[in-house]
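Below: one structure, written as structure tokens.
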Amino acid sequence: MENGIKESQVGLNKNGTHVILPTPVVSEEPKNHKSILNSLLSGALAGAVAKTSVAPLDRTKIIFQVSSNRFSAKEAYRLIYRTYLNEGFLSLWRGNSATMVRVIPYAAIQFCAHEQYKNLLGSYYGFQGSALTPIPRLLAGALAGTTATILTYPLDLVRARMAVTPKEMYSNILHVFMRMSREEGLKSLYRGFTPTVLGVIPYAGISFFTYETLKKLHAEHSGRMQPYPFERLLFGACAGLFGQSASYPLDVVRRRMQTAGVTGHTYGSIIGTMQEIVVEEGVIRGLYKGLSMNWVKGPVAVGISFTTFDLTQILLKKLQQVSDIQR
């Protein structure tokens with residue numbers, strides 16, 4: 001295998017005796033490279049489409065998360081309406097450019113890493129990636145989310161800063177990086193990193209686990225290997241609902257720590273931040289502030305994300321097959 005040939009055909013030599021003839025082996029590397037590239041492209045598109053579709057709700061949620069104001073659907077609507085009246089319709093997407101800078105690489109890495117971890121764990125446990133048992137399936141999602149978070153975290157912090165500050169404070173993404181580094185130190189770019197990682201492990205693990213499990217159960221009961229798009233959206237919505245509900249308190253904590261420099265608070269640790277939130281606002285109203293909005297936003301975003309990824313993957317594979325046939 002190392003010299004690129006395998007013994008698979010039998011022929012005759014000059015003396016008339018049977019010998020094994022070497023035949024060339026088609027390398028798997030180009031196929032693997034194409035698979036990785038397809039996953040990266042599909043993931044990037046999935047993240048961009050999903051986040052843009054819910055950006056106004058996401059921005060509103062962050063504003064409530066980092067303030068001590070009481071959350072309600074009525075107050076959320078008032079905030080969105082006031083923002084629209086005072087700053088214009090497009091202001092509802094303020095910070096979305098920073099979101100895209102973060103989400104596109106994050107989603108690309110996360111989805112691609114998930115495919116690779118599935119293959120890796122499938123080889124290790126003796127399963128195909130799509131037929132992993134529950135524990136490896138959960139582990140693949142958690143590892144994918146952790147990998148993407150480690151590589152893209154400063155972009156998430158910048159996006160949070162831009163979402164909660166007036167546009168006069170930061171002119172663009174680069175300005176946020178430069179000003180934070182100068183005024184708060186380079187370490188500030190990773191403020192809130194620990195609660196983010198601790199939150200993404202159950203979030204990504206449960207989300208991918210739920211989506212993969214529902215697709216597997218669907219295939220077993222319906223006999224169709226590929227769900228319809230609306231079924232994918234439903235599976236993804238369930239995945240987002242379960243994943244975000246499990247990790248939401250840590251999401252509130254990381255937002256408080258990320259925006260501490262512009263809200264006047266000094267949050268030093270996860271436990272300390274949680275204690276301060278609970279003392280000032282209570283457990284439910286503090287640590288779960290905005291969760292009801294997340295139950296609207298999250299399932300929609302995750303459903304769109306998973307569906308877009310799957311459908312883009314299918315499209316790219318079909319285009320690749322057509323290209324190979326034409327050759």
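Residue numbers count from 1 along this sequence. Every heavy atom of this structure was used, including side-chain atoms; hydrogens, water molecules and symmetry mates were not.
For the pair Lys318 and Ile314, the minimum side-chain heavy-atom distance is below 4.5 Å. Contact check for Cys112 versus Ile36: side-chain heavy atoms found under the 4.5 Å cut-off. Inter-residue side-chain proximity for Leu139 and Phe209 is flagged as unmet; no heavy-atom pair is nearer than 4.5 Å. Side-chain atoms of Tyr203 and Gln244, non-hydrogen and from C-beta on, do get closer than 4.5 Å to each other. For the pair Ile150/Phe193, a side-chain contact is recorded, criterion being any heavy-atom separation below 4.5 Å from C-beta on. Contact check for Arg254 versus Thr194: no side-chain heavy atoms found under the 4.5 Å cut-off. Taking the side chain as every heavy atom from C-beta outward, Leu41 and Thr312 never approach each other to under 4.5 Å. No side-chain heavy atom of Ile277 sits less than 4.5 Å from a side-chain heavy atom of Lys289.
For Arg182, there are no salt bridge (Lys or Arg N to Asp or Glu O under 4.0 Å) partners two or more places apart in sequence or in a different chain.
Sequence neighbours left out, the pairs with a member in residues 302-317 that pass salt bridge (charged side-chain N to carboxylate O under 4.0 Å, His left out) are Lys215-Asp310, Arg232-Asp310.
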(request) Decide side-chain contact (heavy atoms from CB on, under 4.5 Å) for Thr196 and Tyr153; before the verdict, give the C-alpha distance in whole Å, the side-chain angles of both, and the deciding distance to 0.1 Å. (result) CA-CA 9 Å; Thr196 301; Tyr153 182 76; 3.2 Å; yes

(message) Applying side-chain contact (heavy atoms from CB on, under 4.5 Å) to Ser247 and Val200, what does each step give before you reach the verdict?
(response) CA-CA 7 Å; Ser247 61; Val200 85; over 6 Å; no

(request) List the steps, then state whether side-chain contact (heavy atoms from CB on, under 4.5 Å) holds for Glu276 with Arg256. (result) CA-CA 11 Å; Glu276 188 169 335; Arg256 293 293 179 96; over 6 Å; no

(request) Dump the intermediate steps for side-chain contact (heavy atoms from CB on, under 4.5 Å) on His114 and Gln110, then the final yes or no. (result) CA-CA 6 Å; His114 182 247; Gln110 180 176 239; 5.6 Å; no

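Less than 6.0 angstrom separates the ring centroid of Phe111 from the ring centroid of Phe306. For Tyr211 and Phe242, the ring centers sit 6.0 Å or farther from each other.
Counting non-hydrogen atoms of neighbouring residues, nucleotides and ligands closer than 6.0 angstrom, the CD1 atom of Ile135 reaches no more than 12 such neighbours. Sparse packing is recorded around OH of Tyr228, with 12 or fewer heavy atoms of other residues, nucleotides or ligands lying under 6.0 Å away. A 6.0 Å sphere centred on CZ of Phe177 holds more than 12 heavy atoms belonging to other residues, nucleotides or ligands.
Cluster annotation: Leu311 is not connected to Val302 through the hydrophobic network of ILVMFWY side chains, with a link wherever side-chain heavy atoms come within less than 4.5 Å.
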